[in-house]
Peer 1: 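Pasting a structure here, questions to come.
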Amino acid sequence: MKIAITGGTGFVGKALTKSFLQGGHNVYILSRSQHSSSKDGIQYVKWLTEDSQPENELNDIDVFINLAGESLNSGRWTAERKQRIVSSRISATREVIRILQNMNKKPSVLINASAIGYYGTSLEKEFTESNKIPGQDFLAQTVASWEQEAQAAEELGVRTVYTRFGIILDQQEGALPKMVLPYKLFAGGTVGSGAQWMSWVHIDDVVGMIQYAIKNENIKGPFNVVSSNPVTMKKFGQHIGHVMKRPHFLPAPSFALKLLLGEMSVLVLEGQKVVPQKAEDSGYQFHYKYLDEALTNILK
């Protein structure tokens, strides 16, 4: 297959690209930066510049994957940064739609990145793809707007999947290295109340579930990319301590994290219990279904 990826040099994009290349596929990475024209099965395509017309190089694409957007956890959520978080996702998705509109041959599927933040936060509720009403906080409204922009692909006859990512676990990138650091220093403990839910997923299952959605024509619309076994933050920390053979005793109180992180503290102090109903019902086989085995794979 020929697969186009925006955000292909990011966390998820790099893992996907590696897997696609191993499978013998050709990958087209859309990038603002100047790269060599091609290498090792990768072709770089300029986009989001004044003179770029990526559709001219993408007419035979089978799959389009849109992962573009500014990181949520690379700094405090000032008003300016919140605007960049939203606008980066909206502008990139609008450009993807424009490209699709101008392609003579449309891809069979658009995989559009999304997030479980769509559901808002809750200590009691369990969310599946059947929950249609977004939350009211900043993340929920951002995700809802992001998905709404991508819906235009459906009107073009392109099957569209909104991959709502949970907390992605990886050895080098994402949230886990920062969460593991206190345990390396023998200072790990419960973050906040500990009752907030962590809907996690191993990076291998992120790749696996995206590939599964590409192949399975019955999957469209929201698709929760999470493990089927979410845990509370307290349990999450205890699992880290168990796998690393480190104590879990020194709490990180909510007020301190709010002072340190501001509004961005919602990423660790609040959560939602999300289950992958569509993946389970359609028969996806998880690489790492339980947290202990996922952390053992990553941390050992």
Side-chain angles (χ1 to χ4, degrees), residues 1-8 12-13 15-17 19-20 22-28 58 60-68 93 96-97 99-101 103 105-119 125-134 143-166 168 199-230 272-290:
M1 291 191 298
K2 294 182 177 180
I3 302 163
I5 307 178
T6 74
V12 173
L16 274 174
T17 297
S19 180
F20 286 139
Q22 290 172 343
H25 303 295
N26 295 314
V27 177
Y28 294 72
L58 300 175
D60 292 324
I61 292 299
D62 300 295
V63 176
F64 209 125
I65 301 174
N66 178 28
L67 303 172
T93 304
V96 168
I97 297 302
I99 293 169
L100 292 175
Q101 289 170 336
M103 292 171 69
K105 176 180 174 289
K106 306 287 192 286
S108 62
V109 60
L110 168 65
I111 305 292
N112 199 81
S114 186
I116 60 171
Y118 174 92
Y119 301 110
K125 296 179 182 178
E126 180 175 280
F127 299 100
T128 71
E129 292 93 345
S130 63
N131 292 95
K132 304 298 185 185
I133 301 175
V143 175
S145 298
W146 195 8
E147 291 186 1
Q148 186 174 16
E149 290 294 332
Q151 285 177 11
E154 299 177 18
E155 300 170 12
L156 299 172
V158 178
R159 179 169 62 93
T160 305
V161 182
Y162 312 106
T163 48
R164 291 178 179 167
F165 299 136
I168 301 173
S199 296
W200 60 274
V201 61
H202 192 291
I203 184 63
D204 288 355
D205 279 309
V206 174
V207 172
M209 293 175 83
I210 289 175
Q211 293 179 336
Y212 183 76
I214 290 171
K215 296 173 184 176
N216 192 327
E217 295 181 357
N218 293 321
I219 293 177
K220 57 185 176 181
F223 187 57
N224 291 338
V225 180
V226 291
S227 161
S228 52
N229 291 282
Q272 53 281 108
K273 185 181 183 182
V274 179
V275 295
Q277 195 68 57
K278 285 186 179 180
E280 291 181 330
D281 289 349
S282 61
Y284 176 74
Q285 299 297 308
F286 284 89
H287 296 282
Y288 299 97
K289 196 170 185 177
Y290 298 100

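For reference, positions follow the sequence shown, starting with 1.
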Peer 1: So, applying side-chain contact (heavy atoms from CB on, under 4.5 Å) with F64, which one of I111, V158, I3, I99 is it?
Peer 2: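 When side-chain contact (heavy atoms from CB on, under 4.5 Å) is applied between F64 and each of I111, V158, I3, I99, only I99 qualifies.
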Peer 1: For residues I210 and T163, report the shortest heavy-atom separation together with the two atoms involved.
Peer 2: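 Closest approach of I210 to T163, heavy atoms only: CG1-CG2, 4.3 Å.
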Peer 1: With a 4.5 Å cut-off on side-chain heavy atoms, are Q277 and N224 touching?
Peer 2: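 No - every pair of side-chain heavy atoms lies 4.5 Å or more apart.
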Peer 1: Is the shortest side-chain heavy-atom distance between I5 and L67 below 4.5 Å?
Peer 2: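 I5 vs L67: side chains touch.
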Peer 1: Write down the atom of T160, the atom of A150, and the distance for their closest heavy-atom approach.
Peer 2: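 Heavy atoms only, the tightest pair is CG2-O, 4.1 Å.
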Peer 1: Taking atom CG of L110 and atom CD1 of I61, what is their separation to the nearest 0.5 Å?
Peer 2: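 L110 atom CG to I61 atom CD1 measures 12.5 Å (nearest 0.5 Å).
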Peer 1: Enter the distance from K278:NZ to S130:OG here, rounded to the nearest 0.5 Å.
Peer 2: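 It comes to 9.5 Å.
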Peer 1: Within the 4.5 Å heavy-atom criterion, are I97 and E149 side-chain neighbours or not?
Peer 2: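 In short, these two side chains do not touch, never coming nearer than 4.5 Å.
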Peer 1: Quick one: salt bridge (charged side-chain N to carboxylate O under 4.0 Å, His left out) pairs with a partner in residues 152-161, sequence neighbours left out?
Peer 2: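 Qualifying pairs: none.
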Peer 1: Do P276 and M209 make a side-chain contact, defined as non-hydrogen atoms from C-beta onward lying under 4.5 Å apart?
Peer 2: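 A side-chain contact exists here, since the closest heavy-atom pair is under 4.5 Å.
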Peer 1: Nearest 0.5 Å, what's the OH-CD1 distance between Y212 and I219?
Peer 2: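 Result: 5.0 Å between the selected atoms.
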Peer 1: Are the side chains of S108 and E217 in contact, using a 4.5 Å heavy-atom criterion?
Peer 2: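 SC-SC contact between E217 and S108 ruled out.
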Peer 1: Just how far is it from atom CZ of F127 to atom CD of Q272, taken to the nearest 0.5 Å?
Peer 2: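 That separation rounds to 7.0 Å.
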Peer 1: Excluding sequence neighbours, so at least two apart, what forms ring pair (Phe, Tyr, Trp, His ring centres under 6.0 Å) with Y288?
Peer 2: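 Y288 satisfies ring pair (Phe, Tyr, Trp, His ring centres under 6.0 Å) with H202 once adjacent residues are dropped.
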Peer 1: Which heavy-atom pair separates V143 from S114 by the least distance, and what is that distance?
Peer 2: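 So the two residues come closest at CG1-OG, 3.1 Å.
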Peer 1: Between Q211 and S19, do the side chains contain an N or O donor and an N or O acceptor separated by less than 3.5 Å?
Peer 2: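 Yes, a side-chain donor-acceptor pair sits under 3.5 Å.
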Peer 1: Looking only at non-hydrogen atoms, find the nearest pair between I168 and I203 and report the distance.
Peer 2: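 The answer is CG2-CD1, 3.8 Å.
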Peer 1: So how far is it from T93 OG1 to Q148 CD, rounded to the nearest 0.5 Å?
Peer 2: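 T93 atom OG1 to Q148 atom CD measures 11.5 Å (nearest 0.5 Å).
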Peer 1: Any side-chain heavy-atom pair from N218 and S282 closer than 4.5 angstrom?
Peer 2: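 Counting from C-beta outward, N218 and S282 never come under 4.5 Å.
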Peer 1: Check this for me: K106, atom NZ, are more than 12 non-hydrogen atoms of other residues, nucleotides or ligands nearer than 6.0 Å?
Peer 2: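 Yes, the 6.0 Å shell around NZ holds more than 12 heavy atoms from other groups.
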Peer 1: Is it true that E129 and R164 have a side-chain N and a carboxylate O under 4.0 angstrom from each other?
Peer 2: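 Salt bridge between E129 and R164, a charged N being under 4.0 Å from a carboxylate O: no.
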Peer 1: Just to verify, which of V27, D60, V63 counts as forming a side-chain contact (heavy atoms from CB on, under 4.5 Å) with K2?
Peer 2: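 In the set V27, D60, V63, the residue that makes a side-chain contact (heavy atoms from CB on, under 4.5 Å) with K2 is D60.
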Peer 1: Can you label the angle between the F20 ring and the H25 ring as parallel, tilted or perpendicular, going by 30° and 60°?
Peer 2: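 Taking H25 first and then F20, their aromatic rings stand perpendicular (interplane angle over 60°).
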Peer 1: Kindly indicate, with the supporting measurements, whether the criterion side-chain hydrogen bond (donor to acceptor under 3.5 Å, both in side chains) is fulfilled by Y284 and D205.
Peer 2: CA-CA 10 Å; Y284 176 74; D205 279 309; 2.6 Å; yes
Peer 1: Less than 4.5 Å apart, any side-chain heavy atom of V201 and any of F165?
Peer 2: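 SC-SC contact between V201 and F165 ruled out.
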Peer 1: Measuring only between side-chain heavy atoms, which start at C-beta, is E147 closer than 4.5 Å to N112?
Peer 2: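 Result no, sub-4.5 Å side-chain heavy-atom pair not found.
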